[in-house]
Structure formats: C-alpha cells, structure tokens
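In what follows, a single structure is set out as structure tokens and then discussed.
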Amino acid sequence: MNPYYITTPIYYVNARPHLGHAYSTVVADVLNRFHRMCGQETYFLTGTDEHGDKVVRAAKEEGLSPLVYVDQISELFRNLWPELDIEYDYFIRTTSHAHAKVVEEVLQKIYDAGDIYFSEYEGAYCFGCERFYTERELVDGRCPDHKTIPEVIKESNYFFRMSRYQDWLVEHIETFPDFVRPERYRNEVLAFLREPLVDLCISRPKTRLQWGITLPFDNQYVTYVWFDALLNYISALGYPDGEPFKKFWPTVQHLIAKDILKPHAIYWPIMLKAAGIPLYRNLNVHGYWNVDAAKMSKSIGNVVDPLELKKIYGSDAFRYFLMREMVFGLDSNFSEEAFIHRFNSDLANDLGNLFSRSLTMVHKYFKGIVPQKEAGTESDIDFGLRADAEKAAQDYRKAMEDLAFNKALMAIWEFINHINKYIDVTAPWELAKRKSQQRQLQTVLYNVLEGLRVISGLIYPIMPQASRVMQEHLGLKSAETFQKMEDLSVWGKTKPGIKLPKRLTLFPRIEQGRAQSANQEIAEPKEVRLMRMKPDITMEIFQKIDLRVATVLHAEAVPRSKKLLKLKVDVGEVHTIVAGIAENYEVEDLIGKQVVIVANLKPTKLMGILSQGMVLTAGDKGNCRLVTVDGPSDPGTPLT
RNA sequence: GGCGGUGUAGCUCAGUCGGUUAGAGCAUGCGGCUCAUAUCCGCAGUGUCCGGGGUUCAAGUCCCUGCACCGCCA
C-alpha cells in the first residue's frame, strides 16, 4: 500500500500561531492530500510542544498556571487548522501521559546503553532570571534584565554523548544524499559536522524547573527540550508496539523550518540511532516568510497579520499564495499587494474566468448538458490539448514529489493557458452560428470540460474547496473520485449527458479602489483620492477602538528590518509596540514624544516581537508623520 | 571573529554537467476577439548576469578577491 507519514514540527506554545506555523502546516497538508491522491495510505501529525521555562514564564506573565496556559495556546493552534482546511490525523501534546511514557522509556534505554552521563559544570547564573548566561549575553558583566552581576555557580546535569556518533552521522548523510533536503541545508549540516560535536545537556534540576518530564533514572531532574520534543514523532504513533508505528514510521517525512535544522538533522538521528530505532527517510527544510508590514495595511485598515488575509480572501487563495510564491527551501516575501496580485491574475483572470467562460458556453449552446464528443471531428489541435493535459499531470506529479510546489502550480497554469488558447483558436461562438458545425462544437466544449476536470483534480491538494466546487459544477459525482492521479492522467473520463448546475464565479476579482503603488496614489488628483472613503460605521463600532495618548519611553531599531522600530510606550502601563516608522524618525527624536496609539489592537508578532498596539501615523512610507496631541497630556488619557 | 548563503529585465524569480542569440510570470506598449469576472489570445521590447582578476576553445555557471545584504555559531 506504500504508506506515507508526514510530520510538522510541534509548535512551541510560548506564543500565538503565526504565518510560519501556517506555512509548515499547509505544506504538510498539501503533501498529505497529494499522496492520498496517489493512492497511498497517509498519516499526518502535528501538535504542540508544551514544556520548558519559556512556557512557565509566559504563563506567569498572563497570571496563569502553566497547565491552564498551555491548554489555551494549544487550543489556538488546534482551532486554526480547520480554518485553513488542514486535515491532520493526530494532534499530539507533549504534556500527554502517553508521550511522557515514551520519553521515559527512550531515556532509560539510552541511559542503560551508557550514552547518558552525569557531569558538573560552572557558569554565570542570574537568580532573577533563573538561568545561566554566556559571557556574550551579559552587558558590562551584568544581567541584561536585572542589571545585577550574576553569580558563578556550579550545577550538575545529565548529558547525551552525541560525540560518539559524529562519524557515523557524517557517513550516513553522505550515503543518503537527500537525507536532508534541499541540498543547501545538507551542506550546512555537513559544514557544522566538520567541527567536533559537543555533548548535549538534556536535563534541568527541579530546583530550577519543574515543568517537564521527570528523568526515569533521577527524580530530582526533568528532561529539557529535545528529548522531550523530538520524541513526539514516535510517541504519536504508539512507539514501540503500536500498529501505526510499525506501519508508518519507516516512511516518515519530517517537515521543518530552517530554524530547527540542527536539532532535527543532528540530535534527532543520533537519538534514534542510540535508541536503536530506524532513522527517518527525509528531513525537508523550508525557509522563512518575510512580512512586508508596509505593504500589509492598505485595504483593511491595519492588518499586519497575514493570517487575517485568509479570513477576507478565503483559505484556498491563502494556501495558493503560500504554495505558489515560495520556492521550497528559500525565503520569500509576504505582502497583501503581492497576494492581491496573484489572486487577480492567477485565480480570477486565468482559472476563474476560464471556468466561467466554459460553463457559460455549455449553458448557452447545450442548455447546460455535457455534450457528446463526436467521432471524426478531432484534428491536431484537439489532440494537442489532450497531450498538454497529459504533460501537465506528469510535470505536476514530478514537481510535487520534489516539493517544488511553485513548479507544480506552474504546470497547471501552463495547461490553463493552453485551454484558453484552444478556446480562442477553435472559437466555439463561431461554430455555434452554423448548424453544420454543431458536431464540431460538441467536441470542442467536451474537450474544454475535460481539461477543466483534470485541473479540478490537480488543484485539489492546494485548493480543496475550489476543487470540490469545480467538480460539482462539472457534473462530476463526488461518489466517484476524480481526485486520483491515475484518473487525471487519462483523457475522456467526463461523461456526456449530465445536466450541470447553474454557473458561479469561482474567484471574484478583488477590486481595489486604491492604486497598486503608493507613488501612483500620490500622483492622482485630490478629488479622486477623497472619494475613496471607507464605508460608514456606527458610533458603537468606533467606540470599541481604545485610542490613548502614550509617551514614548524607549525606542530601538528592529534588527533585520529597515522600517520597523521597537517602542516602549507609557499608556498608564508600559506597552511594547512595533511601528513601521524607521525611515522617517530617528530613535532620539522619539523619546519623550507623545503619540496616539490604538491600545486594544489584538497583539501580533512583528519580526518576532510581540506588538501590543499600533501607533497612529498620517501617510505611509515616503512621508509618514506621527499623530500627536496639541500640548502635554497624561499618559493613558483616552481619546474621545 | 568563524562557517554558510544570496546578488540575473521595472518587480518577483528560474537558469541542469561550463556549450548556440540568457529565460518565465507580472508590470508596460501595440494589435486581435466577444463565449467570459474590463476577462482571453497574439506581437514587442529592455540586461554592466554586483565590481575586479583568473582558468578555459568557451564562464551567469568553475577559482581567487572586493562590495552589499542575509542566516547560523561563539
């Protein structure tokens, strides 16, 4: 049956879900659906990683116990996935008993084999932070948070003897060239392995951390991070005796973002080896999404969270954009501008319009009944379309297997263009004018519908909803499956004589009142710009927005970002706000300045920083000015 | 500081083992069609392949070096 097992990372619950989480999980879902289409039995795992000191600290900040806190955040992840049409088989939580049992079992096994040892080390420890600092992290020899001089203390911990397996791992990676892919990440791992491996500290004394899984061989310690987190991939399958483990583990494909390359490419294989468990087949590594905040806030006020776009434009379009825009393995940019662009040109104009013009003609010329293809009416152009369909399915399959989702979609869109051209060349509206060409017309429209059938199937992994809607409107019964690769590679599966439902618009064009670029917008006459007021809202809605006067206490540049500044502002309490004003304001200009902020905007992460509100400005990039008050006001004063 | 990556059309990017005249999509301009969501089809451009040096019959591709940006590590 050739099973297929795909995993996402388990997401750490010290923060809310963001675009990166969504991408990993969508990719896993796309692969899962694709392999199902290929007739394989699949298993799709995702979940949350819930132990560790960062979780304890995040819980404390919210005034919650760790248990209550992790329940809440884990729920956020779990609730997000259905919204993105993600169909996983199992959602694992590292706080579950079954998981803890597996962790204990594997730890004991490796301990018994002699690969875990106890050792003492010395370091600079801050009691305020409850953690060790490296020399580098200290500021003038002091803790960056508490400004105190850390104490040098000794601590004993358990270590995993990774060094023993270094040569073996290098050899394994060299023997299996796609063990880590794409190649760039394999090279990175091999480069790293040229240096001697340091043994991994895998415990924390309970005096410092209780929120974890107790070591089976020393109840004064909990295990820390990787022995807990990585083992989810086998505990979820019921290691060691569960049927799913036996069936799916040998086929496992891991999917991660590049930030956790090292644990997955180095620690994890060595852990498996040490525990006598077969290794995973491939580690598939993707890049980061850079969110262009400046291009994210045009049509809908202040949406900087890409996940919000999904609510407006739909899960299919969101998934399409992610898969089409990113080259798997490389970084990509996310902006609303690019999103709308792709939506209009690919989904509305190409696919949506093709679907629409085709069905309209079937309704117009054949009363909505799928016409019969007439023998002897086909010429080179018709056979060419069929060949194009076969090529599209073939190229698509190859690209999907290579994780080249952008190429897979390009193969589909090339075929869409071919059908559009086929319609232009055969000109059904001309054929319809003459009775003598009725049979020709039947053949042409049959072929068009057949092409659409192939497309409706090929898009299924990426856009499951659109796939279903298309198939309903093409008269393909859901009972029979038209989402099997083997059917999509065969021409002529559409059955004539079926009455099609009334046509619909698959992807309505996004009409933008605004110009595509800020420059054009400024260049336009004033009257035109003023007409673009947003729709009326009630007083009640307006009053939900908590506008406050805030005094800037601190400002600093956000690393890796040209436009963003991280501000600490006083609004009665201190809020951290990330603002896209770095191109117009210097840090020094801002300290002490009074600004107006939206204080109750749902917090969102920008470049990894949690932004608790938004600073109001007039205009954007080129000429952006802060909104302020006409004289000193107390921080936190509401605007009415 | 160490290791690695990236730099190609206005924009986003592809470019296999070094091999003919460097490609795609979008944007732009012109033409065509009317079945279609102002959609679709055709044609047309534009390149210091980051700079410099080298290897080679031949370099966007390999080597050295410089610059810019990015990531990982200490």
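Numbers restart at 1 for each chain; the letters A, B, ... are given by sequence-line order, proteins then strands.
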C1'-based separation of B/U55 from B/G18 [nearest Å]: 12 Å
Length of the line joining A/Asn290:CG and B/C11:C1', which is rounded to integer Å: 16 Å
Side chain of A/Phe507 - closest among B/C35, B/U37, B/A27: B/U37
Assigned partner base of B/A27, Watson-Crick or wobble definition, under 3.5 Å: none
d(CZ, A/Arg509; P, B/U39) in whole Å: 4 Å
Sugar-phosphate only, base, or nothing, as touched by A/Leu330 at under 4.0 Å among non-hydrogen atoms: sugar-phosphate
Rounded P spacing from B/G66 to B/G5 in Å: 16 Å
Distance in angstrom units between A/Asn333 CG and B/U6 P, rounded: 17 Å
Cationic N near anionic O, under 4.0 Å, A/Lys258 to A/Glu188: no
Parallel, tilted or perpendicular: ring planes of A/Phe339 versus A/Phe321, cut at 30 and 60 degrees: tilted
Nearest-nucleotide pick for A/Ser356, side chain only, options being B/A36, B/A14, B/G25: B/A36
Sugar-phosphate, base or nothing in reach of A/Arg184, heavy atoms under 4.0 Å: sugar-phosphate
Atom P, compared across B/A22 and B/A44: separation rounded to whole Å: 16 Å
Distance flag, aromatic centroids of A/Tyr422 and A/His418, threshold under 6.0 Å: no
A/Tyr280 ring center near A/Phe179 ring center (under 6.0 Å): yes
A/Asn417 CG - B/U39 C1' separation (whole Å): 13 Å
Touch class at under 4.0 angstrom, heavy-atom based, for A/Asn187 against every strand present: nothing
Separation of B/C26 P from A/Ile340 CD1 (nearest whole Å): 18 Å
Electrostatic pair A/Asp199-A/Arg164, nearest N-O below 4.0 angstrom: no
Whole angstrom value for the distance that separates C1' of B/U16 from CD of A/Glu183: 12 Å
Position toward the 5' end of RNA chain B (nearest nucleotide), A/Lys258 or A/Leu351: A/Leu351
P-based separation of B/A38 from B/A27 [nearest Å]: 15 Å
Rounded distance in Å between the C1' positions of B/G23 and B/U16: 14 Å
Side-chain ion pair, A/Asp49 and A/Lys54, N-O less than 4.0 Å: no
Among B/C35, B/C73, B/U37, the nucleotide that comes nearest once only the side chain of A/Lys262 is considered: B/C73
Sugar-phosphate only, base, or nothing, as touched by A/Arg503 at under 4.0 Å among non-hydrogen atoms: sugar-phosphate
Salt bridge flag under 4.0 Å for residues A/Lys398 and A/Asp402: yes
Rounded P spacing from B/U12 to B/G53 in Å: 29 Å
Watson-Crick or G-U wobble mate for B/U56, both contacts under 3.5 Å: none
Mate of B/U6 where both pairing distances stay under 3.5 Å, Watson-Crick or G-U: B/A68
Distance, rounded to the nearest Å, where A/Leu506 contributes CG and B/U37 contributes P: 13 Å
Sugar-phosphate, base or nothing in reach of A/Phe355, heavy atoms under 4.0 Å: nothing
Gap in Å between the two P atoms, one belonging to B/C70 and one to B/U8, rounded: 15 Å
Donor-acceptor pair, side chain of A/Glu374 and main chain of A/Arg439, under 3.5 angstrom: no
Base-pairing mate for B/C35 - Watson-Crick or G-U, with both contacts under 3.5 Å: none
Nucleotide nearest A/Arg357 (side chain, heavy atoms from C-beta), chosen from B/C3, B/C40, B/G42: B/C40
Sugar-phosphate only, base, or nothing, as touched by A/Thr505 at under 4.0 Å among non-hydrogen atoms: base
Value in whole Å for how far the P atom of B/U16 lies from CG of A/Asp402: 15 Å
Among B/C35, B/G4, B/C13, the one nearest A/Arg194 by side-chain distance: B/G4
Nearest-nucleotide pick for A/Asn353, side chain only, options being B/C35, B/C26, B/C40: B/C40
Given RNA chain B, 5'-ward residue of the pair A/Asn406 and A/Thr360, judged by closest heavy atom: A/Asn406
Mutual orientation of the aromatic rings belonging to A/Phe334 and A/Phe318 [parallel < 30°, tilted 30-60°, perpendicular > 60°]: tilted
Sugar-phosphate only, base, or nothing, as touched by A/Glu430 at under 4.0 Å among non-hydrogen atoms: sugar-phosphate
Pairwise C1' distance for B/G7 and B/U61, with rounding to whole Å: 14 Å
Candidate nucleotides B/C35, B/C40, B/C3, ranked by approach to the side chain of A/Asn420 - the nearest: B/C40
Minimum-distance nucleotide to A/Lys421 side chain [options: B/G42, B/U39, B/G4]: B/G42
Nearest to side-chain heavy atoms of A/Val327, which nucleotide of B/C13, B/U37, B/C41: B/C13
Strand partner of B/G1, provided both Watson-Crick or wobble distances fall under 3.5 Å: B/C73
Minimum-distance nucleotide to A/Arg342 side chain [options: B/G25, B/U39, B/C35]: B/G25
Phosphate-side-chain proximity, A/Lys407 and B/A24, N/O vs OP1/OP2 below 4.0 Å: no
